[in-house]
Amino acid sequence: MKTQIAPVRTSTQRADAIEAAVYLLTGGYPVALPTETVYGLAAWALNPEAVLRIFQVKERPKFDPLIVHLPNQDWLNNLCVIHDEDLDLVQSLVARFWPGPLTLVLPRNKIVPDLVTAGLPTVAVRMSAEPVFKEVIEGFGQPLAAPSANRFGRISPTTAAHVYEELNERIHLIVDDGPCEYGVESTIVMPTKGKLWILRDGPVTRAQLSEFGEVETQHRKKMPHGPGQLKSHYAPRARLTLLKHDEAPLPAGKGPVGLLAWCSAPQAKGFAHVEILSRTGNYQEAASTLFAKLRILDSMGMNRIIAESVSEEGLGIAIMDRLRKASGNG
Ligand code: AMP
Ligand code: MG
């Protein structure tokens, strides 16, 4: 199958791309769509055949549950059963962070196919603020399961070109709305009994969430399986070594060694290629270009990547989480 990349620069292109996306989704086919976090591979969440196609295209194991995007907040009550004791907390989080990069894990309703939740009693839901995504899902009028549009275990795509690299000839359509705003996957939280269990760090920070309740970290052993929680995920081809804070980068190892530096690279001698996350030390910029820079280092044939640590505050927590996962030690 030929994969088309549909731009949305003019109003005609935009209308055509949205119409084509809705047409394919209605037929049960997955479509790659931009979101504010990373590009998603979207399909009709309530149609098990459509959902199965996501797993096939991504070569994703069935034990890994998908995040479901909602066309509007009313769908929350169709897909989830929110306990009375959690209602206020859920409503406050939704009012503050939706649409946006926050995924909530909540008890599920029966209409959600088992395949979506990997048989779990909960479902992960969110609402994207990306304008083209919003128009597509509102036009479609049904929830969309949309994991990142990459093959299983690979780095999430943050541009349409990355999606093409990953899924060329596997899907019909990639809607191209330029690079993603945040560049790292959504924050995943399970709100329960006044506590906020963090299942994955992301653009909505722990500090922001702590205004709504006690923030707790769900440890991996107790968590359902899923690559968001596997030790090695979001991995480049090259072996990535994450330096300790203030450890000097040395181009050790066989073959070309690349450096992924934080904001400057005075000690970059001997590295075959250097990428800097943010020259001004800006976390937002660093997060939004992190995956693209890992892809560049991979495409330049680095055998090893040495990555500097960043401070674990605010968005730095999500950046360090992805770097640890890229090093196979998440
Ligand atoms: P993504 O690949 O970005 O769509 O993220 C999917 C990840 O969300 C999975 O790998 C899980 O880590 C997490 N997830 C989805 N559904 C659930 C759920 N019901 N309970 C816990 N985690 C979930
Ligand atoms: Mg993913």
Side-chain angles (χ1 to χ4, degrees), residues 30 32-43 45 51 54-55 57-70 76 79-82 90 100-110 112-128 130 133 143-158 162-163 166-167 180 182-192 196-204 216-236 287 290-291 294-295 318 321-322 325-326 330:
L33 297 175
T35 80
E36 68 272 63
T37 57
V38 301
Y39 272 74
L41 183 64
V51 176
I54 293 182
F55 283 92
V57 166
K58 284 185 56 105
E59 297 170 52
R60 181 169 171 128
K62 305 270 180 3
F63 62 68
D64 184 15
L66 305 178
I67 294 173
V68 177
H69 289 248
L70 311 181
L76 197 55
L79 301 191
C80 310
V81 187
I82 305 167
V90 171
L102 181 71
T103 297
L104 299 176
V105 171
L106 296 165
R108 67 184 268 213
N109 212 325
K110 282 198 196 75
V112 183
D114 278 342
L115 193 55
V116 169
T117 68
L120 293 169
T122 51
V123 60
V125 286
R126 89 169 178 102
M127 263 183 80
S128 175
E130 211 284 339
F133 189 99
L144 291 172
S148 50
N150 52 279
R151 281 169 282 151
F152 178 70
R154 302 251 309 132
I155 307 165
S156 294
T158 55
H162 296 164
V163 181
E166 293 288 324
L167 303 181
C180 299
Y182 292 102
V184 290
E185 301 83 354
S186 61
T187 306
I188 305 182
V189 164
M190 180 151 40
T192 178
L196 298 163
W197 292 90
I198 307 260
L199 307 188
R200 177 171 74 190
D201 282 290
V204 173
E216 302 262 8
T217 304
Q218 176 109 28
H219 291 293
R220 197 179 296 116
K221 268 193 215 135
K222 292 189 202 146
M223 291 203 274
H225 297 288
Q229 296 142 6
L230 289 180
K231 268 191 147 195
S232 172
H233 190 46
Y234 317 107
L290 170 66
F291 290 150
L294 287 175
R295 276 180 191 272
D321 171 70
R322 302 311 186 274
K325 282 173 178 149

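Indexing begins at 1, ligand by ligand and atom by atom, following the structure's order. Side chains are part of it too, since the values below use all heavy atoms of this structure and drop only hydrogens, waters and symmetry mates. For clarity, every value in this text was computed on a predicted model and none was experimentally measured.
For Arg60, the closest heavy-atom approach to ligand 1 falls below 4.0 Å. For Asp64, the closest heavy-atom approach to ligand 1 falls below 4.0 Å. Close to ligand 1: Arg200, with a non-hydrogen atom less than 4.0 angstrom away.
The shortest side-chain heavy-atom distance between Val90 and Leu106 falls under the 4.5 Å cut-off.
When atom types are taken as modelled, the side chain of Arg322 and the backbone of Phe291 share no donor-acceptor pair closer than 3.5 angstrom. Within the 3.5 Å criterion, the main-chain N or O of Gly202 finds a donor-acceptor partner in the side chain of Thr187. Side chain of Lys58 to backbone of Ser148: a donor-acceptor contact under 3.5 angstrom is found.
Under the salt bridge (charged side-chain N to carboxylate O under 4.0 Å, His left out) criterion, the residue pairs touching residues 114-128 are Glu36-Arg126, Arg108-Asp114, with sequence neighbours excluded.
Qualifying salt bridge (Lys or Arg N to Asp or Glu O under 4.0 Å) partners for Glu166, counting only residues two or more places apart in sequence or in other chains: Arg151, Arg154, Arg295.
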Side chain to side chain contact (heavy atoms under 4.5 Å, CB included) for Leu41 and Val57? Distances and angles first, verdict last.
CA-CA 9 Å; Leu41 183 64; Val57 166; 3.6 Å; yes
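Atom numbering of ligand 1 starts at 1 in the shown order; those under 4.0 Å from a heavy atom of Leu120 are 18 (C), 19 (N), 20 (N).
Put simply, Asn150 stays out of reach of the Mg ion (ligand 2), with no N, O or S atom under 2.8 Å from it.
Of the heavy atoms in Arg126, none comes closer than 4.0 Å to ligand 1. Of all the heavy atoms of Thr117, none lies under 4.0 Å from any atom of ligand 1, so neither backbone nor side chain is involved. Proximity of Ile188 to ligand 1, defined as any heavy-atom pair under 4.0 Å, is confined to the side chain (atoms from C-beta onward). For Val105, every heavy-atom contact with ligand 1 shorter than 4.0 Å involves the side chain, none the backbone.
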